[in-house]
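The next block holds one structure in the form of structure tokens; read it before the comments.
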Number of protein chains: 2
Amino acid sequence: MSGQADTLHRRAPLSRQRILSAAVALADAGGADALSMRKIAQGLGVVPMALYKHVANKDELLDGMIDLVVAEIDPPAVGADWKSAVRLRVLSARRMLLRHPWAAGVIEARLKARTAPTPAVLAYLDSMIGILRAGGFPVELVHHAMHVMGSRVLGFSQELFEDASGREPDPDALPPEEMAARYPHITELAMAVAHDRESVVGPGCDDQFEFEFALDLTLDGLERLRSAS
Amino acid sequence: MSGQADTLHRRAPLSRQRILSAAVALADAGGADALSMRKIAQGLGVVPMALYKHVANKDELLDGMIDLVVAEIDPPAVGADWKSAVRLRVLSARRMLLRHPWAAGVIEARLKARTAPTPAVLAYLDSMIGILRAGGFPVELVHHAMHVMGSRVLGFSQELFEDASGREPDPDALPPEEMAARYPHITELAMAVAHDRESVVGPGCDDQFEFEFALDLTLDGLERLRSAS
DNA sequence: CTTGTCGGGTGTACGGCGTACACCCATCCT
DNA sequence: AGGATGGGTGTACGCCGTACACCCGACAAG
């Protein structure tokens with residue numbers, strides 16, 4: 001009976017996988033800031049230090065989380081030309097990053113901190129390079145191409161003007177006329193975009209469209225370089 | 001005499017500017033992690049809470065720091081065509097970011113946290129837009145262009161393969177043959193690049209070159225769009 | 001059946017963080 | 001002379017990551 005009862009009121013045994021999943025769920029829900037060893041442990045009904053029997057420390061846990069979400073990116077399409085293969089891959093990466101908004105920041109921070117990339121990231125980069133090589137890019141150009149896509153390799157595209165609409169009016173925001181006087185070009189652009197979208201859907205700009213626009217511009221540029229041998 | 005003595009053993013009076021400068025210096029020296037209210041205060045010979053008489057909280061302090069470093073970016077060149085004007089500006093921004101390695105991350109985090117951009121950032125964006133407008137870009141295209149340059153507007157270009165050479169050999173790194181087997185394309189590329197550079201300078205790739213390569217590819221793409229009206 | 005080892009969960013504690021709040025004192029205006 | 005005020009102080013709270021000692025149940029060897 002004790003065995004029975006235990007399975008009822010005692011949590012399933014901890015494991016690295018269960019911890020990572022809980023961590024990802026927590027980060028998905030509350031952002032990277034809401035992620036703490038203590039909160040993860042609490043969510044698993046366990047004392048914080050228990051986690052350290054399965055992950056070395058928080059850094060290693062973050063690495064594990066990254067691996068988990070990067071593995072969600074679709075495998076490369078087979079039999080497609082390099083351009084659409086890359087396109088699909090990057091868009092898949094972007095979808096992943098939209099599902100896990102914390103991931104872009106964490107991956108970047110990790111790359112910047114000069115810790116070695118995790119296996120899943122390496123695999124992703126490797127297969128991306130493979131697509132380009134198979135598409136006829138000479139090695140040197142692949143190298144440049146990877147740099148060109150830069151952070152975009154992982155589907156980044158920090159939206160600089162992150163949709164200001166729908167935000168409660170900032171009490172100490174500049175009045176519109178002062179805004180227009182001080183930043184005439186931003187204002188012009190903002191108004192044009194607003195007017196543009198108004199006739200289509202809601203306010204703000206279509207991030208997805210902008211993303212694909214930028215992506216295609218880059219891909220076209222690379223294609224030109226490639227065909228010039 | 002007390003006045004004299006005071007000026008000798010007492011620190012100059014605190015001020016928002018002095019705090020911001022100290023904070024920037026500290027971040028420059030030790031990275032964003034080394035930046036804490038307590039450390040800043042200590043560096044100024046003052047108790048931590050004293051800072052709060054001049055800045056509302058750490059977030060506002062970060063905003064102030066951003067403003068300070070963004071203001072270091074060169075003003076736009078006058079009388080240049082749009083392309084070289086943008087090019088110079090972005091390269092100047094990049095130089096600033098190399099001087100203050102913490103800045104890119106902080107700015108990005110701030111943009112992502114949907115806090116309003118600081119005045120200096122707004123001014124930078126505004127003048128960047130102004131360059132494009134003056135160069136003959138229609139508003140809509142400027143909008144797209146700003147998205148295209150994306151994080152690169154501020155000179156970003158996260159180097160994905162942050163020069164692995166000169167790092168002490170990671171104890172649990174894969175042996176080269178396994179590396180080659182598992183990530184054939186990365187390996188190929190790494191070897192090609194290494195061989196390439198070997199004949200020129202040190203190992204690793206020339207980040208500055210790669211940055212300008214990517215930048216020019218983007219600018220050329222934009223120019224094509226512009227001239228197509 | 002005993003006994004020893006050991007993997008995994010626990011409890012306590014430390015040092016660091018941001019910052020709320022009460023305080024105190026020098027300065028200056030009246 | 002006196003009261004207000006602005007800037008530096010001290011204490012304290014609640015978070016954080018994690019080192020370290022502990023303890024207990026399961027399982028292997030005798």
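Below, chains carry the letters A, B, ... as their sequence lines are ordered, and counting in each starts from 1.
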If I take atom [atom1] in residue [X] and atom [atom2] in nucleotide [N], what distance separates them, rounded to the nearest angstrom?
| X | N | atom1 | atom2 | result |
| --- | --- | --- | --- | --- |
| B/Arg16 | D/dG7 | CZ | P | 13 Å |
| B/Ile40 | C/dC17 | CD1 | P | 10 Å |
| A/Leu61 | D/dG17 | CG | P | 10 Å |
| A/Lys53 | C/dG8 | NZ | P | 8 Å |
| A/Leu44 | C/dT10 | CG | P | 11 Å |
| A/Gln42 | C/dG9 | CD | P | 17 Å |
| B/Tyr52 | C/dA22 | OH | P | 17 Å |
| A/Arg18 | C/dG8 | CZ | P | 14 Å |

>> Filter on salt bridge (Lys or Arg N to Asp or Glu O under 4.0 Å), then keep only pairs touching residues 177-188 of chain A, sequence neighbours left out; what's left?
In response: A/Glu178-A/Arg182, A/Glu188-B/Arg133

Side-chain ion pair, [X] and [Y], N-O less than 4.0 Å:
| X | Y | value |
| --- | --- | --- |
| B/Arg16 | B/Glu60 | yes |
| A/Asp63 | A/Arg110 | yes |
| A/Glu72 | A/Arg95 | no |

> Rounded to the nearest 0.5 Å, what separation is found between the CE atom of A/Met128 and the CD1 atom of A/Ile73?
Replying inline: 8.0 Å

Could you run down the sub-3.5 Å N/O contacts of the protein with nucleotides 11-16 of chain D?
| residue | atom | partner | partner atom | Å |
| --- | --- | --- | --- | --- |
| D/dC16 | OP1 | A/Ser36 | OG | 2.9 |

> Donor-acceptor pair, B/Ser36 side chain versus B/Lys39 backbone, under 3.5 Å?
Replying inline: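 Confirmed, B/Ser36 side chain pairs with B/Lys39 backbone.
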
> So, is A/His54 close to the C/dG9 phosphate, meaning a side-chain N or O under 4.0 Å from OP1 or OP2?
Replying inline: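 True: A/His54 side-chain N/O within range (under 4.0 Å) of C/dG9 OP1/OP2.
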
